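Since the model is a prediction, treat every value here as computed from it, not as a measurement.
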Amino acid sequence: MKTELPREQERLENVMETISEQIGKLKEETDWRRQEVVGFRKHFWDDVKVNTDTFDDYLETIISLRQQAQNLSVSQSTHKQASNKLSALLRMQDVPYFGRIDFMEEGTSNTERIYIGISTLMDLSGENFLIYDWRAPISSVYYNYSSGPAEYTTPEGVIDGVLEEKWQYIIRGGVVESMFETSLTIGDEILQQVLGKSTDKHLHSIVSTIQMEQNQIIRHDHGRLLIVQGAAGSGKTSAALQRIAYLLYKYRDRLKADQIILFSPNSMFNSYVSNVLPELGEENMQQVTFQEYLVHRLSDEFQVEGPYEQLEYVLTATDEPAYRTRSESIRFKASIRFFEIIKRYRQSLELSGMLFKGIKFRGKQIVTAKQITERFYNCDTSLRFHNRLEKLTKWLNELVDEVEKHECTEAWVQEKIELLSEDDYQKAYNHLRKKQGFKGASSDDYEMESEALGQLIVRQKLKLLRKQIRELRFLNIKGIYKQLFSDATWMDGEISEEWEDICLSTLKMLDEGKLFYEDATPFLLLKELIQGFQTNNIIKHVLVDEAQDYSPFQFEFLKRLFPAARMTVLGDFNQAIFAHASETVDFNTLTSLYGPNETNTINLTRSYRSTRPIVEFTRVLVPNGERITVFERDGEKPVLTQLTDRKELHRCIVSKVSDLQKQKLNTIAIICKSAEESVAAYDSLSNVQEIKLVKSGSIEYEQGVVVIPAYLAKGIEFDAVIIYDASTEVYGDESLRRLFYTACTRAMHYLQLYSVGEMSPFLLNVAPKSIVRSLT
């Protein structure tokens, strides 16, 4: 080791010198390229000869325009490439590489030293690799193998060889502080240092600490669906984001960042993970919540309840009379059974049941809903459903054409003409003269002009109506959905005793112009099945985080929404806190999405986020928790403090927060069961300096001291977590076990639980040696 360090330090200095030289050259090039692009834009038309007198002149103009646009495009592309390379080199300045493998390829006698970093670096000649990108094929050996036989796959085939040694480096400020030889996985020394740090407002890349099982996720490249089931803190999200970076690298000629979409739990989570891909030199993919998509599609028709509003009801309304009905409604409408019912219901509409809206113009009926229904079911019934709708649309447009002809002679049109301002009249006249050749030289022309002007006015008035017909607004989708709940005709098999009450509550919401969250996706599915699916064929990869929060129904919908996409779903059923989750205990139901041959599952059981004492405590809280493997990072045991009243609780929390701040912990979360409890806690703790309340609409992940509902904290980690009230009064029901587990597993370094009165039954099985109990 002592002899290696000086040699490695010398190599590092040479590499950093190369990086500095290339940065200098690229800065000059990017400046020059930027000036070139600005010049092209500024003088774009100077070199274009615009002449449309003859067809040949027009053609020459088009060719000239295309040539100039192509020159600008090439210049912009060249500037972007140089700028991206410069950004990569600037990121490599501090830590050019983090690992090395000594690999001897089969059939050769030379051992090659392969240095691995976040990006590729060639020497100044451009012929030799100084650093390999962590996503390069040969770099997979670093993550997948211990010393001995190893292989990696290239586009040309499999390369066999022997991995002789594997090294990790800690480099800071141009100095190799230490290096470790690791025989099996990425060594614990590095992980201990990385995991021991305080967190900040962003999740960061993990390329220097990727474990073998995480690398399987990152480089997985077959099948339509990859399911990642992972324990809390197992690195699911991090690995998935590195997976996106890997796919963008491997398929850079045919996959772009805007062809990938991440469905995340909330906007705050989007902020939290927004830094990972840019750290790796890649553009961020599209990020959206499923609720944002639902609101985008349905907000014109309904006020749509959000998932956290639904969950807040489930957590706080247990004493309300309608609670049981609502809970049953949530579970039923999230099921595959309901999905199949809606598909059968749509098929039945080919014979009967379609509802339409009558069409009026200026208060006069053009066609009634009954007439449209008769036309749909009496004409061309041999055609496919959507062809019948197209034919119906054509017929309605023909009726509007007749109205247009008739209305042109009505008195209101002449009144409109007479009331036109001089400016509007001139605009209309110029439009007609250009379109129909009026010259205004004879009485015939003036008569024709008046007639055409009237037609123009009527056509403008009918424009919105034609748009509504084109968009199939004459369909009464709301009424058709309500029919589902008017009787039990469509309920195959056993009918819930709550069904009648479910129907009444659903119909009441629809009549008020509102949609329960559990109705939003079913309503949209029915609408799509009737009108034709608005599929997105541009998206090539869909990433779903916190997948346990999605119902089987919603996954079936996503599959149809993105027919050309592969899908990666990540989740942990121990954190399945939504009401529909009780119906499913794992992700096995997702296998039916694309079939077993197109589905692969990877399980992550090792938890890295929390210290060993915290993981040993939290894994007792859930069934099969013994399967969760502990990473050996020492720390303090969780502390449970029992109190007699809330005044004492708030005094203890204020004191504890002050102690934790003195320990320089960046993020301290006071986690509550619900938003309702969070508001009450926040109001009572307002004397804590710079304390913040996190709500479901919060955009950015905050550092410092936050009060947050457990369901909003999912996917995020904090240096220290304080469970606001772990009493049986708050966490007494078995249905809250997963929520309680989720809250406790947010802690990286320190976990404090308070209980006002008797502690939650979830804590009864915790071994005395796993927790420090105190009374005040």
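Within a 6.0 Å radius of CD in Q286, more than 12 heavy atoms belonging to other residues, nucleotides or ligands are found. Crowding of R324 atom CZ: a count of heavy atoms from other residues, nucleotides or ligands under 6.0 Å not exceeding 12. Atom CD of E410 sits in a crowded spot, with more than 12 heavy atoms from other residues, nucleotides or ligands closer than 6.0 Å. Heavy-atom neighbours of E500 CD from other residues, nucleotides or ligands within 6.0 Å: at or below the threshold of 12. The 12-atom threshold is exceeded at NZ of K692, counting heavy atoms of other residues, nucleotides or ligands nearer than 6.0 Å. Within a 6.0 Å sphere centred on NE2 of H386, other residues, nucleotides and ligands contribute more than 12 heavy atoms. Heavy-atom neighbours of E729 CD from other residues, nucleotides or ligands within 6.0 Å: at or below the threshold of 12. Within 6.0 Å of atom NZ in K391, 12 or fewer heavy atoms from other residues, nucleotides or ligands are found, so the atom counts as exposed in its surroundings.
How far CE of M567 is from CG of L593: 6.5 Å, rounded to the nearest 0.5 Å. The structure places CD1 of I261 at 9.5 Å from OH of Y293, a figure rounded to the nearest 0.5 Å. The structure places CZ of F562 at 10.5 Å from CD1 of I538, a figure rounded to the nearest 0.5 Å. Note that CZ of R331 is 13.5 Å distant from OG of S551, once rounded to the nearest 0.5 Å. One distance of note links OG1 of T237 with CG of L570; it measures 6.0 Å at 0.5 Å rounding. The structure places OG1 of T316 at 9.0 Å from CG of L311, a figure rounded to the nearest 0.5 Å.
In this structure, Y741 has its ring center no closer than 6.0 Å to that of Y731. Proximity of the aromatic rings of F385 and F376 is defined here by a centroid distance below 6.0 angstrom, and this criterion is met.
Judged by the 6.0 Å distance and 45° axis criteria, K559 is positioned over the aromatic ring of Y594. Stacking of R375 on the aromatic ring of F356 is not recorded, the 6.0 Å distance cut-off and the 45° axial limit not both being met.
Shown here for E546 and P265, the closest heavy-atom pair between the two residues is CG-CG, 3.7 Å. The heavy-atom pair separating A232 from R746 by the smallest distance is CB-NH2, 3.9 Å. When every heavy atom of H541 is checked against every heavy atom of R243, the shortest pair comes out as CE1-NH2, 3.5 Å. The minimum heavy-atom distance linking K236 with G230 is given by the pair NZ-O, 3.2 Å. Between I502 and T506 the shortest heavy-atom distance is O-OG1, 2.7 Å. Residues A565 and V542 come closest through the heavy atom pair CB-CG2, 3.8 Å.
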key: Step-by-step side-chain contact (heavy atoms from CB on, under 4.5 Å) determination, L247 to K540   = CA-CA 11 Å; L247 293 173; K540 301 303 180 187; over 6 Å; no
Could you go step by step and tell me if E407 and W412 meet the side-chain hydrogen bond (donor to acceptor under 3.5 Å, both in side chains) rule? CA-CA 9 Å; E407 289 293 321; W412 70 270; 2.6 Å; yes
* Let me see the working for R466 and E404 under side-chain contact (heavy atoms from CB on, under 4.5 Å), right down to the final yes or no. => CA-CA 11 Å; R466 290 190 187 278; E404 182 181 315; 3.0 Å; yes
Evaluate H222 against H220 for side-chain contact (heavy atoms from CB on, under 4.5 Å), listing each step before the verdict.
CA-CA 6 Å; H222 56 276; H220 185 276; 3.6 Å; yes
Note to self: Run the side-chain contact (heavy atoms from CB on, under 4.5 Å) test on E320 and Y313 for me, step by step, so that the C-alpha distance in whole Å, both residues' side-chain angles and the decisive distance to 0.1 Å come before the verdict.
What the structure shows: CA-CA 10 Å; E320 292 191 10; Y313 175 88; 3.5 Å; yes
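When side chains are defined from C-beta on, F523 counts as touching I477, because their heavy atoms get closer than 4.5 Å. Side-chain atoms of I708 and M268, non-hydrogen and from C-beta on, do get closer than 4.5 Å to each other. Annotation: side chain of L294 is not in contact with side chain of L515 (no heavy-atom distance under 4.5 Å). At least one side-chain heavy atom of Q575 sits less than 4.5 Å from a side-chain heavy atom of K714. Here the side chains of S299 and V304 are not in contact, with every heavy-atom distance at 4.5 Å or above. With a 4.5 Å cut-off on side-chain heavy atoms, Q483 and Y345 count as touching. Residues L255 and L248 are in side-chain contact: their nearest non-hydrogen atoms beyond the backbone lie under 4.5 Å apart. At least one side-chain heavy atom of L298 sits under 4.5 Å from a side-chain heavy atom of E301.
At distances below 3.5 Å, at least one donor-acceptor pair connects side-chain atoms of N536 with backbone N or O atoms of I539. At least one donor-acceptor pair under 3.5 Å links the side chain of E598 to the backbone N or O of R224. Of the possible polar contacts, none joining the Q287 side chain to the L262 backbone as a donor-acceptor pair under 3.5 Å is found. The main-chain N or O of L355 is never found under 3.5 Å from a side-chain atom of N476 such that the two would form a donor-acceptor pair. With hydrogens and angles disregarded, no donor-acceptor distance shorter than 3.5 Å links the side chain of S271 to the backbone of S267. When atom types are taken as modelled, the side chain of T381 and the backbone of Y377 share no donor-acceptor pair closer than 3.5 angstrom.
Taking the six-membered ring for Trp and thresholds of 30 and 60 degrees, F555 and Y550 have ring planes inclined between 30 and 60 degrees apart. Under the 30°/60° scheme for interplanar angles, the aromatic rings of F338 and F485 are found to be tilted.
Here salt bridge (charged side-chain N to carboxylate O under 4.0 Å, His left out) pairs that include residues 287-298, with residues two or more places apart or in two chains, are R297-E528.
Comment: D519 engages K333 in a salt bridge, judged by a side-chain N to carboxylate O separation of less than 4.0 angstrom. A salt bridge between K394 and D401 is absent, with no side-chain N of the basic residue lying under 4.0 Å from a carboxylate O of the acidic one. Using a 4.0 Å cut-off between a side-chain N of Lys or Arg and a carboxylate O of Asp or Glu, E340 and R337 do not qualify as a salt bridge. A salt bridge does not link E305 with K514: none of the charged nitrogens is closer than 4.0 Å to a carboxylate oxygen.
Judged by distance alone, the side chains of Q291 and Y308 never bring a donor and an acceptor atom under 3.5 Å apart. Between the side chains of Y711 and E312, at least one donor-acceptor pair of N or O atoms lies under 3.5 Å.
R326 pairs in a salt bridge (charged side-chain N to carboxylate O under 4.0 Å, His left out) with only one of the listed residues (E498, E309, E518), which is E518.
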